Amino acid sequence: LFGAGAAQQWRRIEARGKSPVVFHARRMTFLLIAGLTHAALLRNGDILAPYAILGLVLIVARRWPTRRIVAAALALAILPYVAALALEATHWKLGTRPTAMPDTSWRHYLADNLEWLRYWYLTSPLLSWPRILAIMLVGLLADRSRLLTRIAADRRLALRWLGVALPVAIVSRAAVTLVAGWWSARHAPLARGILLEQTYWISAWSLAATYIAAFALVCQRPSWPTRLAWLRAVGRMAFTNYLLQAAIVVPVCLALGLFD
């Protein structure tokens with residue numbers, strides 16, 4: 001959705017006869033500053049800063065032909081697995097996971113955050129970010145083909161998507177549970193990790209497609225758009241909600257000693 005949303009914004013700006021590059025760069029810069037502040041002071045598991053960095057890269061693909069976007073998305077999706085295999089073969093570690101600090105004071109919490117940020121930014125650019133950028137590129141393709149618009153308007157298409165996505169989501173999610181229990185982490189851990197991670201992503205993507213198709217079917221009923229109109233404000237506050245939950249939850253967890 002990030003890629004599709006960015007592409008929609010670019011199209012609207014271009015329709016006004018302007019270039020979207022400056023607007024997009026300014027938006028991503030603000031997102032980066034907000035993300036780094038959130039990561040350092042509240043929650044090191046921040047996703048805003050990585051999305052901002054990848055969003056700045058995404059603008060490069062704005063005018064790419066479809067075949068190049070597909071090839072880049074496939075290459076980026078495979079890259080983390082190739083990197084993991086190379087690291088395993090060379091016994092080279094990008095970083096060591098920090099150990100938990102028993103002290104839950106603000107001073108120790110902030111120090112712990114910085115240690116985790118160092119670990120995330122040593123490992124994620126190679127082992128996680130390429131896959132996220134691949135998903136963003138898929139979003140560009142979805143917008144270019146007007147896929148979401150067609151699903152929203154065509155009941156038969158929405159039903160077909162739901163009929164395919166829902167069984168795939170159920171089966172892949174069950175496979176994650178079964179493989180995790182059946183395949184011991186002590187035997188071929190890298191292969192196990194790759195299989196579990198890829199199956200998880202299939203379940204996540206198919207479940208997202210299920211939600212989209214189901215929501216489109218609901219909104220195609222005449223009375224439902226009016227009933228759901230009050231949710232528009234919530235949908236426009238995703239960024240605010242993301243930051244607000246950390247601003248509320250982190251102090252509560254520190255006060256109650258709930259962090260592990």
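Worth knowing before you read on, the calculation uses all heavy atoms, side chains too, and leaves out hydrogens, waters and symmetry mates. On a predicted model such as this, the values are computed, not experimentally measured, just so you know.
Side chains of Pro50 and Ser124 form no contact here, defined as non-hydrogen atoms less than 4.5 Å apart. Between Val168 and Trp205, the closest side-chain pair of non-hydrogen atoms is not below 4.5 Å. Counting only heavy atoms from C-beta outward, the side chains of Leu217 and Arg155 approach each other to under 4.5 Å. The side-chain heavy atoms of Arg144 and Ile69, taken from C-beta on, include a pair separated by under 4.5 Å. With a 4.5 Å cut-off on side-chain heavy atoms, Trp129 and Ile53 count as touching. Under the 4.5 Å side-chain criterion, counting only non-hydrogen atoms from C-beta, Ile135 is in contact with Trp201.
Taking a 6.0 Å sphere around CH2 of Trp161, one finds it holds 12 or fewer heavy atoms contributed by other residues, nucleotides or ligands. Enclosure of atom OH in Tyr121 by more than 12 non-hydrogen atoms of other residues, nucleotides or ligands within 6.0 angstrom is indicated. Surrounding CZ of Phe30 are at most 12 heavy atoms belonging to other residues, nucleotides or ligands under 6.0 Å away. Counting heavy atoms of neighbouring residues, nucleotides and ligands inside a 6.0 Å radius, atom CZ of Arg118 does not exceed 12 of them.
In plain terms, the two heavy atoms of His24 and Ala6 that are nearest each other are CE1-CB, 4.2 Å. Annotation for Leu41 and Asn113: closest pair C-ND2, 4.0 Å, computed over non-hydrogen atoms. The nearest pair of heavy atoms linking Leu110 to Ala40 is CD2-O, 3.4 Å. In plain terms, the two heavy atoms of Arg62 and Trp10 that are nearest each other are CG-CE3, 3.6 Å. Considering every non-hydrogen atom in both Ala180 and Leu196, the closest pair reads N-CD2, 3.8 Å. The minimum heavy-atom distance linking Ser203 with Ser206 is given by the pair O-OG, 3.1 Å.
Under the 4.5 Å side-chain heavy-atom criterion for ILVMFWY residues, a single connected hydrophobic cluster contains both Ile132 and Phe239. Val60 is connected to Tyr51 through a chain of hydrophobic side-chain contacts under 4.5 Å among Ile, Leu, Val, Met, Phe, Trp and Tyr, so both are in one cluster. No continuous path of ILVMFWY side-chain contacts below 4.5 Å connects Ile33 to Leu243, so the two sit in separate hydrophobic clusters. Leu162 and Leu228 fall into different hydrophobic clusters, defined by Ile, Leu, Val, Met, Phe, Trp and Tyr side-chain heavy atoms under 4.5 Å apart, directly or through other members. With hydrophobic clusters built from ILVMFWY side chains whose heavy atoms lie under 4.5 angstrom apart, Val138 does not share a cluster with Leu54.
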Next item on the list: Begin with the C-alpha distance, continue with both residues' side-chain angles, and end with the deciding distance and a verdict on side chain to side chain contact (heavy atoms under 4.5 Å, CB included) for Leu195 and Val179.
Entry: CA-CA 9 Å; Leu195 178 61; Val179 170; 4.1 Å; yes
Margin query: side chain to side chain contact (heavy atoms under 4.5 Å, CB included) for Arg173 and Leu207? Distances and angles first, verdict last.
Written below: CA-CA 9 Å; Arg173 185 61 215 177; Leu207 187 58; over 6 Å; no
Next item on the list: Before giving the answer on side chain to side chain contact (heavy atoms under 4.5 Å, CB included), spell out for Arg11 and Asp143 the whole-Å C-alpha distance, their side-chain angles and the decisive distance to 0.1 Å.
Entry: CA-CA 10 Å; Arg11 193 169 62 251; Asp143 177 76; 2.6 Å; yes
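When the ring pair (Phe, Tyr, Trp, His ring centres under 6.0 Å) test is applied to Tyr81, no partner is found at least two apart in sequence or on another chain. For the ring pair (Phe, Tyr, Trp, His ring centres under 6.0 Å) test, no residue two or more places apart in sequence or in another chain qualifies with Trp183.
Interatomic distance, Leu36 CG to Leu48 CG, rounded to the nearest 0.5 Å: 9.5 Å. Considering CZ of Arg16 and CD of Glu14, their distance stands at 10.5 Å, rounded to 0.5 Å. Residue Ile78 holds its CD1 atom at 11.0 Å from CZ of Arg131, rounded to the nearest 0.5 Å. Remark: Arg27 CZ to Leu32 CG distance equals 13.5 Å, nearest 0.5 Å. Separating the CG atom in Asp154 from the CD atom in Gln220 is a distance of 7.5 Å, to the nearest 0.5 Å. In this structure, the separation between OG1 on Thr29 and CG on Leu56 is 5.5 Å, given to the nearest 0.5 Å.
Between Phe215 and Trp224, the distance separating the two ring centers is not shorter than 6.0 angstrom.
Under the 3.5 Å distance criterion, the side-chain polar atoms of Tyr242 are matched with a main-chain donor or acceptor of Ile47.
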